[in-house]
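I have placed the structure first, in the form of structure tokens, so that the comments after it can refer back to it.
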Amino acid sequence: MTTAQTRTTRGSGTRSRDETQGGLVGTGPLLRFMLRQERVRLSLWILGIGLMSFYVANAVQALVTDEAELGQMAGLFADPVGRLMTGPAYGMETPTFERFYAAGYVLFIYILTALMSMFTVIRHTRAEEASGRAELLRADVLGRHATLTAALLLVLLANAAAATLVLLGALSGGFALHGSLLVASSGAAVGLFFAAAAALAAQLTETSRSASALTGALLGLAYLIRMVGDIAAVEGTALSWFSPLGWSQQTAPYVEDRWWPLLLCLALTVMAVLGAYELSTRRDVGAGLLPSRLGRSHARPGLTTPVGVAAHTLRGGLRGWGIAVILCAGLFGGYAESMLGAADDLPEEFRSFFSGDTILLGYLAYMAMFLALFVAAAGIGGIQRLRGEEKAGRAELLLSAPLSRTRWLGAHLVVILGGLSIMLLCTGLATAAAAVTVLQDDSAGLFSEILLSSLHQGPAVLAVVGLTFAAFGWAPRFAGVLGWVVLGYAAAMTNFGPLLELPEVFFEFNVFGHLAQHPVESVEWAPVLALAIIGVGGIILGFTGWRRREINSA
């Protein structure tokens with residue numbers, strides 16, 4: 001009996017070792033498959049991050065002709081509101097081009113890297129499990145940890161590529177090698193931290209939406225803690241050290257060039273990755289460790305109507321975009337006093353971003369257009385969600401009831417357009433309230449003008465939604481691609497166009513470039529009408545295609 005027990009124990013130990021060693025079986029082929037899946041999406045992310053570094057590093061020197069003018073502009077970042085938005089303002093008392101680049105812009109490179117990393121990990125872990133594809137793959141010879149390992153390796157490669165382009169972009173501006181390496185490494189460290197956080201969230205939740213919301217909330221909390229810590233004092237306070245974004249900025253590139261804050265990020269990244277591996281062995285495939293909230297025993301009365309169902313489907317995405325855009329609007333409005341104080345000292349090249357002779361009004365007009373780009377992005381995301389409902393089979397299930405195609409799609413369109421309208425209204429109110437609060441005596445009659453400038457961007461947002469909707473009706477696979485291309489082109493022309501000095505024809509294709517820059521200019525109704533026609537025409541085309549094609553067709 002003892003011999004049998006010994007054999008059994010030895011056999012169990014051998015199997016346990018084999019299972020541990022075989023947990024990574026299939027990682028290589030799975031990584032190659034993920035690389036093939038992500039070849040376009042990740043390439044665009046990486047190129048976008050690299051181009052941002054290249055543009056900022058060189059545009060700063062194109063905008064400002066000498067360091068004397070740079071010193072005048074540095075006050076925008078050293079100001080408390082500037083620190084609130086961009087970071088602790090290291091080196092702004094004696095600014096150089098490279099310090100200006102690091103103090104004002106690298107934070108947004110870090111945030112983009114974090115978003116790229118977290119979305120990629122969640123897409124290849126929790127989303128694959130939710131769709132059932134992960135369980136299908138595991139029916140073959142595939143280790144339990146292969147999927148998570150391949151996803152993390154994919155993100156590691158993506159962050160390395162993005163960091164390389166960020167480094168080259170900084171060096172193209174003639175910046176110091178040591179500080180440029182630190183900027184690139186900090187971005188990669190932030191990206192890997194949020195990739196690890198996403199891997200951990202994927203073990204806790206049952207849906208990709210919940211995992212994204214959990215990781216996104218962590219990113220938002222990190223930004224909020226950094227804001228509160230940095231606004232109190234130049235170079236930050238003790239609170240700044242409680243944020244992963246704060247650690248990357250406390251490296252103080254081109255000023256102190258310290259590497260050790262990244263060790264904090266690396267340590268937490270390793271802990272999160274180990275935690276994700278450990279938790280993945282404590283749950284079933286497709287399940288999450290956190291219990292799902294039980295639904296109501298009876299549906300709300302609103303869910304008995306097509307609009308109610310559409311609102312339930314779309315509210316999460318619209319709410320997330322709305323909160324982010326409204327918070328940004330409040331920050332930008334609060335920056336109005338700093339712009340007013342620096343108006344006389346801004347270089348002429350910098351003024352090219354703001355139309356009109358009054359810098360304050362030009363700044364507010366520019367911010368209204370800039371924030372409207374994000375409102376349009378929310379509309380594109382909503383239409384992409386419709387495609388997701390199609391592919392998941394939920395749209396077909398609803399259409400099997402006495403519900404016409406037109407009513408189903410129309411209900412979702414009403415919710416999307418209604419949500420975007422509320423966003424524009426709240427964005428205008430937040431910008432106006434913040435600007436009027438900080439300007440005080442200089443704000444007479446400004447509230448209504450700022451609100452109108454935000455609502456004035458509605459036709460451009462409608463045009464973007466209409467073009468994307470038309471593609472959804474006829475070629476749904478390419479709807480998101482078309483929408484993001486149109487929006488990306490508009491963003492590039494809006495932000496970079498004045499510096500590039502391109503022929504006028506290039507600006508004609510920017511849907512946001514035709515509207516008058518209110519409150520600097522009076523509202524012109526011809527472009528408003530033209531953009532509205534484009535939007536309504538795209539919606540009509542979308543309905544026509546939707547009625548003619550098959551559900552879930554390419």
Side-chain angles (χ1 to χ4, degrees), residues 23 30 34 37-38 41-42 45 110-135 138 144-156 158-159 187-226 242-248 264-294 315-317 319-321 323-324 381 385 388 392:
L30 195 57
M34 290 180 182
Q37 279 186 305
E38 295 286 338
R41 185 186 288 111
L42 266 186
W45 271 107
Y110 299 159
I111 291 174
L112 286 176
T113 307
L115 292 172
M116 174 189 72
S117 301
M118 56 186 269
F119 289 150
T120 301
V121 169
I122 290 172
R123 188 160 51 248
H124 289 286
T125 54
R126 174 49 56 190
E128 289 293 297
E129 290 189 40
S131 67
R133 289 188 293 268
E135 192 168 7
R138 287 194 181 186
R144 183 174 184 88
H145 299 306
T147 301
L148 179 56
T149 304
L152 291 174
L153 288 174
L154 176 66
V155 170
L156 179 62
N159 276 275
V190 170
L192 292 176
F193 172 81
F194 282 98
L200 196 59
Q203 314 308 317
L204 299 175
T205 61
E206 288 190 1
T207 65
S208 58
R209 189 189 307 179
S210 298
S212 298
L214 196 59
T215 317
L218 177 62
L219 179 59
L221 180 62
Y223 190 83
L224 179 63
I225 292 173
R226 183 214 59 76
F242 287 87
S243 167
L245 295 175
W247 300 334
S248 64
L264 298 171
C265 201
L266 179 62
L268 277 186
T269 299
V270 172
M271 292 173 60
V273 168
L274 293 177
Y277 277 114
E278 176 62 26
L279 293 179
S280 69
T281 63
R282 300 175 180 271
R283 64 178 183 84
D284 293 330
V285 177
L289 290 173
L290 295 179
S292 299
R293 185 179 63 181
L294 295 177
R315 68 183 180 186
R319 180 170 53 197
W321 278 104
I323 292 172
R385 184 62 195 274

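Between atom CD1 of residue Ile122 and atom OG1 of residue Thr205 there is a gap of 7.5 Å, rounded to the nearest 0.5 Å.
Side-chain atoms of Arg126 do not come within 3.5 Å of backbone N or O of Ser208 as any donor-acceptor pair. Looking at Thr149, its side chain never comes within 3.5 Å of a backbone N or O of Ala146 through a donor-acceptor pair. Judged by distance alone, the side chain of Ser117 and the main-chain N or O of Gly191 form a donor-acceptor pair under 3.5 Å.
Shown here for Ala222 and Ser243, the closest heavy-atom pair between the two residues is O-OG, 2.7 Å. Listed here is the closest heavy atom pair of Val273 and Ala196: CG2-CB, 3.6 Å. In terms of heavy-atom proximity, Tyr277 sits nearest to His145 at CD2-ND1, 3.5 Å. Across every non-hydrogen atom of Thr113 and Gly187, the tightest pair is CG2-O, 3.4 Å. Shown here for Ala199 and Gln203, the closest heavy-atom pair between the two residues is O-NE2, 3.0 Å.
The shortest side-chain heavy-atom distance between Thr147 and His124 does not fall under the 4.5 Å cut-off. Within the 4.5 Å cutoff, the side chain of Trp247 has no heavy atoms near those of the Val190 side chain. Within the 4.5 Å cutoff, the side chain of Thr215 has no heavy atoms near those of the Val121 side chain. Side-chain contact between Leu218 and Phe193 is present, with heavy atoms from C-beta onward closer than 4.5 Å. Taking the side chain as every heavy atom from C-beta outward, Leu221 and Ile225 approach each other to under 4.5 Å. Using a 4.5 Å heavy-atom cutoff, the side chains of Leu219 and Leu115 are in contact. Contact of the Met34 side chain with the Glu128 side chain is not registered, since no non-hydrogen atoms from C-beta on lie closer than 4.5 Å. When side chains are defined from C-beta on, Thr120 counts as touching Val155, because their heavy atoms get closer than 4.5 Å.
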